[in-house]
Amino acid sequence: MSELSKNYEPKQYEDEIYKKWEESGFFVPENLPNTKGRYVNLLPPPNANGEMHVGHASGYVVMDLLGRYHRMKGEKVLLLPGKDHAGIQSQVVYEKKIKKERGISRHDLGREKFYEEIFAFCKDRAQYMRSQEKKIGLSADWNREKFTMDPDLVNIVLETFVAMYNEVDKKGNRMIYRGDRIINWCPRCATALSDVEVEHEEQITKLYTFKYNQDFPFAISTTRPETKLGDTAVAVNSKDKRYKKYIGQEFKVDFVGVPLTIKVIADHEVDMDFGTGALGVTPAHSAVDWEMAQKNNLPIIKVIDEQAKIYSGFGKFSGMKAGEARVAVVEALRESGLLEKEEDYPNNLSICERCKTPIEPLVSKQWFVNVDHANFSLKKAARKTIEKEEIKIYPERFKDVMLSWIDNVRDWCISRQIWWGPRIPVWYKGEEMMASVDSPGAGWKQDEDTFDTWFSSGQWAYSTLGYPNGKDYKEFYPSDTMIMGRDILPFWAFRMIILSLYRTGKAPFKNLYFTGLVRDEKGQKMSKSKGNGIEPIEIINKYGTDAVRLSLLIGNTPGNDLNLGEQKIAGFRNFTNKLWNISRFVLLSIENPNIDVERPKAKTLADEWILGKLGMVIYHTTDALENYQLSFAGEKLREFTWDDLADWYLEIAKIEGGKSEMLNYILNVILKLWHPFMPFVTEQIWEEIYGADKMLMVEKWPICHPERSEGSLKQFELLQSIIIGIRSVRADKKIEPAKKINVVISAGKQAELLEENREIIEGMARLESLAIAPKVEKPDNSVGIVVGSCEVFIDLAGLIDATKEKARLEGEIKALEGYVAGLKAKLTNPEFSQKAPPAVVEKERAKLKEAEEKIEKIKGQVSSI
RNA sequence: GGGUGUUUAGCUCAGUUGGUUAGAGCAUCGCGUUUACAUCGCGAGGGCCGCAGGUUCGAGUCCUGCAACACCCACCA
């Protein structure tokens, strides 16, 4: 066994350790010896076009922590990694790339070539991302890594489509149907978007109030005059007296040169106080209006096409860009004196989540999933699953968020007009149409559209396992835990649940854990443009992976955002080093490290105390991990390691000596407990102790010894209080640390205990001499402090200012008297003694007694000054 | 407009089913190189637990209202 270096240098060890783990084969569940039970975690696939950011890292750390914990518990652990093809986003990224590098567009390549190239591009990026994921210590089975565009996964996705398409109810409605519906259209991406792919951005726009023509009886207001070319109605509130008489009437108008037929309809959604209280209904370009049109059987007139240009048939406006048409329409209205008002108005502009281009709502032929189909209602099935807690959600409050999402979900538009993604398996031949994974034969032409990415990733829970006949599917479905960012609840969690329920009949996982977002130390969102981001690889190189892992785990709770600054990471780097040095000390102190160490018998009070504490920390850590309280587990461990072990027990070990067995055992246990949190440093120490052939990663998780040792805990705490009390007086009186002092303790019944542990007090408080007796009068020139039932007199020859000392003690008495008064008031209150549980009353009595005794003792000291 | 969360020390946050005189880390201040560690040790200061009510013997903790901030959903054209 070689001596450890003074400081832990992560860079020196991490890559080697990871290699060792990987080569051991233990990331592969089948290679784990003697497993009992299984633990499966399918890792959420990040987009295969980028790189790992700190948000990903934060998720991986949680997944890996749980994976490593369960592996040490002896379970057959599978962490299955993968990548998502991220349809629109990857296509946008790759189009930019070929534009920049080769000056070409996807049309220059053609669909097939473009597809091949982007596939290769994603595979290449995936490899790079994998190397980053290894840096964070992810113990995933890389042999099983999946990509949503791998042919076998695509096949399962297509089969799902066909099955849903063939799900027909008695009325002939399909679960997947094609229809003209209003959708969110991104003119830049030239594709439909689902509701969740649209963001909103506040802006100031103009609100125009005008009349269609001179003959129209009243004015309407709009922010989008160009769409008014497609108005087929005006909606008013049925309670509105101004317009009641017009309801049901039809007006033929000439609107800036375009003939329109406007029907006046009533709708309770119309706000009488907004604008003129009359709303021009444009069914083809507003989701709300479209619904009104459905209810009222209004004709639908498309005005804006998929390039965001005005269709032909609208006079001089035809062919204009929507923006130009807006100016032109307003100008025409102004010229003819129909424009009544023009005012600034703040509203939310819909923009494309991927490219930030303003969305055009328009009517288009798309594929939809009916989420409430008569044969199998996806939303009802999902609701039941969540309500019955077949999936347990962390944090619990997200259950309600999920339920309200389920309740409000609308039919899901799954077709996208892009090239990158699985192509919709519907085939056409003349008037015929059929759904089929493979081409039905010659003459059949496949649908041009591809799937919404979430239709693929929504099947991740079983497509990665080879549904329905794969060995993995049979063994590992459903998985135990799914961990994802809280921002993708509506995108992914919900979709994964509905698709899995439909396809497999089972919920996809048992536990669903949401992480929050990682923000900078001021709580700002990290972004490249602000330059406030933390690059995981950069920061790992600086502080080590373990420090980064700890700073993402401790002080982080499910569903809540985490503010992360470099200082915090530096703090945990310090802790990593602390653990290293604890080990270093232990290795210098013990004779023959034994890997199969049994819990030793306590020889001293300190031994008994630390074993009790260790037992507690095993219990708390295990319990917290079982309940997904990861931060709590880490905090308890840190508290034990630094405060109890390093600051007290190791110092005492130097004094008492003969701790070989004890230290061997304690280090052995805490390395195991820490391993899931900080795998690298613990594994390296393990190797230094036990040699390269023993691997901590697959050691057995420590068992908690349930015996309690309340007595030794209390006794040891008395020692601690005495030592801290003396140290405090020393610091207060500015006694040099090197100077040893004399102390006398009037110890009452505790005399024997203190006598047994006199070495500890002498050593820890740096004493010259210590006298212990049941009853001692306060020596001259000493300062007295009361600790529990003991009085500790510290000899301060020549350093005492009698007046100051008296004032200090009197101040203390005064504070105590206030405290006592409060306790007395509480205890003499009959309501308290009657209604409070006896244990609580008893506790208060004890407190009172103790405080009163303390006052007496201090009074005694005052009188002796 | 609807919803969720947050509000505790200068900063970041714990505070488990209501029950000690409310805790930690970082930062600050003082002292210090005792043979594991200065990426360290010892000590100290620092809090009307957002505001106002209520329930209770007892509230940081439960209820109601309000405020500020953050986020999500819907979107009044």
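So that the names make sense, note that chain A is the first sequence line, chain B the second, and so on, each numbered from 1. Below, each value reflects all heavy atoms present in this structure, side chains not excepted, and no hydrogens, waters or symmetry copies.
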Please write out the pairs of protein N or O atoms and N or O atoms of nucleotides 34-37 of chain B separated by less than 3.5 Å, giving the distance to one decimal.
| unit_1 | atom_1 | unit_2 | atom_2 | d |
| --- | --- | --- | --- | --- |
| B:A36 | OP1 | A:Lys654 | NZ | 3.3 |
| B:A36 | O3' | A:Arg584 | NH1 | 3.2 |
| B:A36 | O2' | A:Asn581 | OD1 | 2.3 |
| B:A36 | O2' | A:Arg584 | NH1 | 2.8 |
| B:A36 | N7 | A:Lys654 | NZ | 3.2 |
| B:A36 | N6 | A:Ala646 | O | 3.3 |
| B:A36 | N6 | A:Glu651 | OE2 | 3.0 |
| B:A36 | N3 | A:Asn581 | O | 3.2 |
| B:C37 | O4' | A:Asn581 | OD1 | 2.8 |
| B:C37 | O4' | A:Asn581 | ND2 | 3.4 |
| B:C37 | O2' | A:Asn577 | ND2 | 3.3 |
| B:C37 | O2 | A:Lys578 | NZ | 3.0 |
| B:C37 | N3 | A:Lys578 | NZ | 2.9 |

Quiz item: Tell me, for nucleotides 3-14 of chain B in 5' to 3' order, what letter each nucleotide earns: B for a base near a protein heavy atom under 4.0 Å, S for only sugar-phosphate near one, - for neither?
Solution: -SS------SSS
Exercise. Treat primed atoms plus P, OP1 and OP2 as sugar-phosphate and everything else as base, then score nucleotides 18-27 of chain B 5' to 3': B for base contact with protein heavy atoms under 4.0 Å, S for sugar-phosphate contact only, - for none.
Key: -BBB---SS-
Sugar-phosphate, base or nothing in reach of [X], heavy atoms under 4.0 Å:
X	value
A:Asn348	base
A:Val288	sugar-phosphate
A:Ile724	sugar-phosphate

Practice problem: Answer yes if the side chains of A:Asp546 and A:Thr576 hold a donor-acceptor pair under 3.5 Å, and no otherwise. | Solution: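 There is no such pair (donor and acceptor under 3.5 Å, judged by atom type) between the side chains of A:Asp546 and A:Thr576.
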Exercise. For B:C29 and B:U21, measure between their C1' atoms and round to the nearest Å.
Key: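 So the two C1' atoms sit 24 Å from each other.
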Quiz item: B:U7 and B:C75: how far apart are their C1' atoms, nearest whole angstrom?
Solution: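 One C1' to the other, the span is 29 Å.
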Self-check item: Identified pairing partner of B:U7, criterion: Watson-Crick or G-U wobble below 3.5 Å
Solution: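 Base partner found: B:A67.
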Quiz item: Counting only Watson-Crick or G-U wobble pairs whose two distances fall under 3.5 Å, which nucleotide matches B:U35?
Solution: none
Quiz item: Quick one: is A:Arg573 getting a side-chain N or O under 4.0 Å of the B:U39 phosphate, OP1 or OP2?
Solution: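 No, because none of the side-chain N or O atoms of A:Arg573 sits under 4.0 Å from OP1 or OP2 of B:U39.
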Quiz item: Given B:A77, is OP1 or OP2 found less than 4.0 Å from the side-chain N or O atoms of A:Thr282?
Solution: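 So the side-chain polar atoms of A:Thr282 never come under 4.0 Å of the phosphate oxygens OP1 or OP2 of B:A77.
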Quiz prompt | Minimum-distance nucleotide to A:Asp271 side chain [options: B:G43, B:A77, B:C75] | solution = B:A77
Self-check item: A:Thr223 side chain, from C-beta outward: closest of B:A77, B:C71, B:G43
Solution: B:A77
